[in-house]
Amino acid sequence: MAPTFPPIYLLKWNLEHDPKELHRLEEEIDVVFDIKEAKLVLGKVKLKRRAALELRKLGLDTEEVVTTESEPDTDTDHNHHEEQIASQIVPSAPGNPPAQRLAISPRSTLRPSDETIKVLDLAWYTGSLNAGKLLPIEDYLVYEGRIKSKILPVKPKQTLLPAQVEPRRQISTVSPTQRHFRTGPRKFGGNSVHSSSQPARLLHKTTSEDEAYAALPPIPKYLHSPYSCQRPTPLHCPNEDFLSELRIIKQARNLKGDEVGVRAYSVAVAAIASYPYSLTSALELSRLPGCGSKISKLWQDWKTLGHVEEADEARSDPDLQVLDLFWKIHGVGEASARDFFSKGWRSLDDIVEQGWDRISRDQQIGVKYYDEFLQRIPREEVEKIASVILDYANHIRDGFRMVICGGYRRGKPDSGDVDVVLSHPNENATHRFLVELLESLERDEYITHRLIVSMKNSDRGQNPLNWKGSMPRSRGGFDSLDHAFLVWQEPTWPSKDEDLKGNPDARNPNVHRRVDIIISPWKTAGCAVLGWSGGTMFERDLRHYCKQQLGFKFDSTGVRRQDNGEWVDLEKGDGDLLVKERRVFSGLGLEWRDPTERCTD
DNA sequence: AGGCTGTACTG
DNA sequence: CAGTAC
DNA sequence: GCCT
């Protein structure tokens, strides 16, 4: 006889890839859909951390109830591998064997108080069924948490179709196997080739559309995620020619001040850039996140006409060319570009001659080094600059660690600027450090300008607790800088001595480079490395994911809770900067992405 | 129908 | 505050 | 422009 189960809530995580199985289990177990009614939570989870993350998504903020002295915390290193595989959208292989049990001593019959919530391995359920009675839960306990607070019900934004809705589109004759992604093909373009002159929605046409849909290659599982931080996005992809067109339109929108348009095109570009096949149809494209009717129509035009009209217009619009010229000046954005244009200026010379003292200092520097800043920096030079910085850092205080981030770390053959993150295992070593570093670099004439210098992070970054409310603003001023944005120039060149002999003011021929130096306190250095390594969309989506899915706020200075700003430490433990970065991924429930897979624009 | 990353700087 | 940058 |  089947045992009687208490009210159970079933975690969907790791079952999402198999909606049918999920649905079957939900029926069979007779789950409750409100976690507050549940006495037990079951799931295909094996790690404490993952269990806690899933509870957090459901609006329950818990802290672990330690039931044994022995069980190591889940974030120790050898668990990483497992956690990395087990991510949101890349479920581990189906048919996970139940219960290789973690050794939990059954001494845990302490207080089964109502304040705690227990997450058990699903195997407890199947085992109990087989045994015909409820098995002791101790052997299956993955995580026991005490509810600290209920947080704003973090909306269970699903990236996949809920099982209950699944059968809805069965009007179609197509086998359901191909349709895990969307409710159906989206219509694209009111005048797309498919629908323009069709008299009516004839049945056979619907069917053939569906058949075409079913015949497409399956979408890679990671492209079910709308978050580019959950997808590998390599530097190059099979659809780069089309992407170039989209990027042109995107930049045109940028120059026109259409932020929303820029956003939309950025999302689409990021999705296509992570699609590993050469696109063959607009329908195929329309399945990707962020790619709707407009993007599909553009693809169709590009394919059939060989060009995209809006991109052509952008390319041939002389006014846009001028705006683009201005926009590429450091310190000039859409507004200033248009402002300059409206003054009748059409070239850099116009700015210099007619408006030099009306533009900002940043913009003056930007104009002065316009060509140099646009020159790409080869990898060797990036490495050279970074090694100088590290040498100087270690000369002041030994033991600094550095990661070169930015495009360099993503594997680009050349970079627009140099981003380095420096940290030191000794928390005190980073205090008041950047000022010293800058002074020593300036003394040796590596730095020609400071574009900005900021102390935002060190005020709370050095001490991430209690930042909400009122942190004292850095008293005394510049004792805790943590970010410098500089103009850099290698001070020596081969013929320097001779040149100076002939002319004491001989020009240094080395190209001026933009260099970002970030000093991070050790405890959040993984976040700094992560935050400075991804492409724009990757970083945007990372923040978005943290907020929407976890109720966390991510930035390069750390992870905090949305509601009270309390710091969340995801990096504790030994390890270098790269290990710490990995910990942040896994602590956020994300599969590890190599930097070369973060190549969103 | 509303939202789109989030924040510190400069002027 | 608007504008820019990361 | 796309998503929820």
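We name chains A, B, ... by the order of the sequence lines, and we start the count at 1 in each one.
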How would you label the contact of [X] with the nucleic acid (heavy atoms, under 4.0 Å): base, sugar-phosphate, or nothing?
| X | value |
| --- | --- |
| Phe554(A) | nothing |
| Val332(A) | sugar-phosphate |
| Ile329(A) | sugar-phosphate |
| Leu542(A) | nothing |
| Asp541(A) | nothing |

[X] [atom1] to [N] [atom2], straight-line distance once rounded to whole Å:
| X | N | atom1 | atom2 | answer |
| --- | --- | --- | --- | --- |
| Ile365(A) | dA5(C) | CD1 | P | 13 Å |
| Phe485(A) | dT4(C) | CZ | C1' | 11 Å |
| Gln562(A) | dT5(B) | CD | C1' | 11 Å |
| Arg540(A) | dG6(B) | CZ | P | 10 Å |
| His330(A) | dG3(C) | NE2 | C1' | 12 Å |
| His544(A) | dG3(B) | NE2 | C1' | 9 Å |
| Trp532(A) | dT7(B) | CH2 | C1' | 11 Å |
| Gln548(A) | dC2(D) | CD | P | 20 Å |

When you match Glu539(A) and Leu451(A) each to their closest nucleotide on DNA chain B, which lands nearer the 5' end?
-> Glu539(A)

Could you list the residues that satisfy side-chain contact (heavy atoms from CB on, under 4.5 Å) with Glu240(A), not counting sequence neighbours?
-> His236(A), Cys237(A)

Test ring pair (Phe, Tyr, Trp, His ring centres under 6.0 Å) applied to [X] - qualifying residues, sequence neighbours left out:
| X | value |
| --- | --- |
| Tyr369(A) | Phe373(A), His449(A), His512(A) |
| Tyr370(A) | none |
| Trp522(A) | none |

Could you measure between the two P atoms, the one in dT4(D) and the one in dT5(B), and give it in whole Å?
-> 14 Å

May I ask you to say whether Arg514(A) pairs ionically with Glu372(A), meaning some side-chain N is under 4.0 Å from a carboxylate O?
-> no

Do Lys256(A) and Asp258(A) meet the salt-bridge criterion of a basic N to acidic O distance under 4.0 Å?
-> no

List for me each residue that meets side-chain hydrogen bond (donor to acceptor under 3.5 Å, both in side chains) alongside Glu442(A), sequence neighbours excluded, and say none if there are none.
-> Arg450(A)

Could you work out which one of [options] sits closest to the side chain of [X]?
| X | options | result |
| --- | --- | --- |
| Ile295(A) | dG3(C), dG1(D), dA8(B) | dG1(D) |
| Arg253(A) | dT5(B), dA8(B), dG1(D) | dG1(D) |
| Ala335(A) | dA5(C), dT4(C), dA8(B) | dT4(C) |
| Asp417(A) | dT5(B), dG1(D), dC6(C) | dC6(C) |

Within residues 255-265 of chain A, the residues having a heavy atom closer than 4.0 Å to DNA chain B are Val260(A), Arg263(A)

On the nucleotide [N], are OP1 or OP2 found under 4.0 Å from the side-chain N or O atoms that [X] carries?
| X | N | value |
| --- | --- | --- |
| Lys553(A) | dT7(B) | yes |
| Lys547(A) | dG6(B) | yes |
| Ser336(A) | dT4(C) | yes |

Side-chain H-bond candidate by donor/acceptor type, Thr557(A) with Asp555(A), under 3.5 Å = yes

